[in-house]
2 protein chains.
Amino acid sequence: MLDSVPDSAVDPEAASPPRIAGAGVASLHGTLLAQLRDYVVEGNLAPGARVPERLLCERFGISRTPLREALKVLASEGLIDLLPNRGARVRQLGPDEMVALFDVMGGLEALAGRLACEKITEAGFAEIERLHHEMYAAYLRRDLHGYFAGNQAIHDRIVEAADNEPLRTTYANFAGRLRRVRYAANLDKDRDRWGEAMREHEEILDALRRRAGPELSDILFRHLRNKRRAAAVRETATAGA
Amino acid sequence: MLDSVPDSAVDPEAASPPRIAGAGVASLHGTLLAQLRDYVVEGNLAPGARVPERLLCERFGISRTPLREALKVLASEGLIDLLPNRGARVRQLGPDEMVALFDVMGGLEALAGRLACEKITEAGFAEIERLHHEMYAAYLRRDLHGYFAGNQAIHDRIVEAADNEPLRTTYANFAGRLRRVRYAANLDKDRDRWGEAMREHEEILDALRRRAGPELSDILFRHLRNKRRAAAVRETATAGA
DNA sequence: TCGCGCAAAAATGAATGCAAATTTTTGGTC
DNA sequence: GACCAAAAATTTGCATTCATTTTTGCGCGA
């Protein structure tokens with residue numbers, strides 16, 4: 001078989017792999033992949049709609065081979081479905097799938113919180129604290145957009161503070177899958193949930209300040225559970241733009 | 001018909017009936033992907049070694065196009081690295097990467113335990129209890145192989161009981177990435193760790209019996225942490241077989 | 001009018017071909 | 001004998017081409 005690989009014994013090239021290929025490779029294929037992923041995540045295609053190979057080829061100025069490679073990757077990421085001999089479809093989330101994805105997000109955030117408590121620096125915490133106060137200000141003035149921006153920034157910083165590359169990648173993947181779920185509108189009407197979320201964030205900041213890993217982990221999971229409960233169970237169905 | 005296919009290559013009856021896609025792929029591409037993934041995970045290629053396209057094409061009796069598609073997917077799964085213009089390499093885990101992967105595994109198991117407490121049936125629990133006693137018996141008679149088999153079966157059942165498809169997939173992915181890390185030998189020498197692991201499993205079963213989700217979650221994460229500590233920080237470097 | 005069947009057209013999946021880049025080999029120089 | 005440069009050979013990346021499947025369009029008959 002393949003046992004005739006004598007160079008592996010010497011392995012001169014394995015000694016110098018300074019490349020950090022973990023998340024994104026900077027090659028042409030990586031570029032196209034990122035572009036196409038954004039194109040899907042941003043909602044340029046309707047959920048359940050066919051992914052038109054030909055059109056996308058013209059759109060990105062490439063042939064079908066690299067495009068199909070990217071589609072296979074996107075399918076493995078759960079963004080699209082590949083039906084044998086029937087092409088690719090934008091994955092459409094049913095209620096059950098959405099619940100499952102939210103739970104995994106909760107587990108990942110819980111993990112991130114725990115690790116962050118172990119690794120975060122004082123400066124890193126100060127930055128999160130600052131974002132928290134910004135978000136609180138947005139909450140007070142009923143600035144939904146500002147609140148959500150701050151909220152997402154805080155959660156991203158916690159994942160960053162966890163300093164774990166596979167976690168970062170996996171988290172980004174699930175966040176992308178759930179990006180199309182809209183819940184802002186609901187929060188707008190559900191004033192109670194908004195206040196509750198704000199209180200939960202107070203707890204989050206407090207636990208993080210005390211570096212209470214397991215406690216923060218639990219708070220974050222429940223936080224995501226509540227977020228899910230408040231979320232609309234319906235994806236955005238609009239395609240264009 | 002195909003004009004010039006190597007006689008020994010193709011095995012048409014290997015084509016399985018068209019399963020519903022849902023989440024997993026069931027086509028020819030899916031078959032090849034699973035085969036290639038197993039081929040890599042099983043350790044047929046040395047870590048850091050080149051993945052020879054040509055040879056694998058002959059090995060699986062296909063052309064380069066589907067093989068390269070599969071390689072792209074494997075790269076997105078973190079099993080191999082893709083270096084621009086320089087081919088694919090089997091990903092080699094450094095100590096830091098191994099630690100990071102173990103932590104994510106811990107987070108996933110913690111999540112699985114929490115969800116399992118919510119969803120597991122009495123029959124499901126009874127099955128895990130049975131496996132636990134089997135494992136304990138193996139522990140008593142110092143049957144390392146039997147112990148590990150039972151251990152893995154229990155953890156798999158917990159993930160199954162969580163009844164969350166994305167979690168299952170992600171868990172399988174990380175388990176595959178860590179498959180090459182060998183720690184059995186260490187456990188054999190570290191009698192203390194073995195007893196400690198057994199005690200932790202008692203706690204796991206107890207928490208699961210009481211459906212104490214957050215508690216089980218915490219136990220499982222710490223269990224994985226301890227497992228990591230006992231693990232060899234070195235991958236198996238052998239290629240063949 | 002509606003359904004059925006058949007043929008044309010489009011799309012998918014995979015193989016082959018070709019240019020660019022890399023690795024290896026060869027030859028020359030100090 | 002070691003080191004460096006240039007050319008050959010291999011490999012990679014992508015485009016193009018081919019066979020098969022699916023979908024569409026249309027005519028026919030009940």
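Chain letters run A, B, ... following the sequence lines, proteins first, then strands; residues in each count from 1. Only a predicted model underlies this, so the values are computations on that prediction, with no experimental measurement involved.
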| Does a side-chain N or O from A:Arg68 land closer than 4.0 Å to OP1 or OP2 of C:dG13, or not? |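 Yes, A:Arg68 has a side-chain N/O under 4.0 Å of OP1/OP2 on C:dG13.
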| query | Is any side-chain nitrogen or oxygen of A:Ser63 closer than 4.0 Å to OP1 or OP2 of D:dA15? | reply |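 Answer is yes, contact under 4.0 Å.
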Figure out the [atom1]/[atom2] separation between [X] and [N], and round it to whole Å.
{"X": "A:Glu58", "N": "C:dA10", "atom1": "CD", "atom2": "P", "answer": "14 Å"}
{"X": "A:Leu67", "N": "D:dC14", "atom1": "CG", "atom2": "P", "answer": "12 Å"}
{"X": "A:Leu55", "N": "C:dA10", "atom1": "CG", "atom2": "P", "answer": "14 Å"}
{"X": "B:Leu32", "N": "C:dA15", "atom1": "CG", "atom2": "P", "answer": "10 Å"}
{"X": "A:Arg54", "N": "C:dG13", "atom1": "CZ", "atom2": "C1'", "answer": "13 Å"}
{"X": "A:Ile62", "N": "D:dG13", "atom1": "CD1", "atom2": "C1'", "answer": "12 Å"}
{"X": "A:Leu56", "N": "D:dC14", "atom1": "CG", "atom2": "P", "answer": "16 Å"}
{"X": "A:His29", "N": "D:dC14", "atom1": "NE2", "atom2": "C1'", "answer": "12 Å"}

| said: Is it the case that atom CZ in B:Arg130 sees more than 12 heavy atoms from other parts of the structure closer than 6.0 Å? | reply: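 Yes, the 6.0 Å shell around CZ holds more than 12 heavy atoms from other groups.
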| query | What do you reckon, is CZ of B:Arg179 surrounded by more than 12 foreign heavy atoms closer than 6.0 Å? | reply |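 Counting neighbours around CZ of B:Arg179, 12 or fewer heavy atoms of other residues, nucleotides or ligands fall under 6.0 Å, so no.
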| query | Given that B:Gly87 and B:Thr65 both sit by DNA chain D, which one's nearest nucleotide is further toward the 5' end? | reply |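 With B:Gly87 and B:Thr65 compared, the 5'-side residue is B:Gly87.
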| Do A:Leu36 and A:Leu71 touch side chain to side chain, with heavy atoms closer than 4.5 Å? |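 Yes - at least one pair of side-chain heavy atoms lies under 4.5 Å apart.
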| said: Are the side chains of B:Val159 and B:Glu109 in contact, using a 4.5 Å heavy-atom criterion? | reply: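 No. Closest side-chain heavy atoms not under 4.5 Å.
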| field | Sole candidate of B:Arg86, B:Arg91, B:Arg89 that passes side chain to side chain donor-acceptor pair (under 3.5 Å) when paired with B:Asp81 | value |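 Only one of B:Arg86, B:Arg91, B:Arg89 forms a side chain to side chain donor-acceptor pair (under 3.5 Å) with B:Asp81, namely B:Arg91.
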Give every pair of a protein N or O atom and an N or O atom of nucleotides 21-24 of chain D that lie under 3.5 Å apart, one pair per line with the distance.
none

| Distance-only, no hydrogens or angles: does the A:Thr169 side chain make a donor-acceptor pair with backbone N or O of A:Glu165 under 3.5 Å? |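 Yes.
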| said: So if I take every side-chain heavy atom of B:Pro66 and compare against C:dA15, D:dA15, C:dG13, which nucleotide ends up nearest? | reply: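 Nearest nucleotide to the side chain: C:dA15.
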| message | Which label fits B:Tyr39 and B:Phe60: parallel for a plane angle under 30°, tilted from 30 to 60°, or perpendicular past 60°? | response |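 Plane angle over 60°, so perpendicular.
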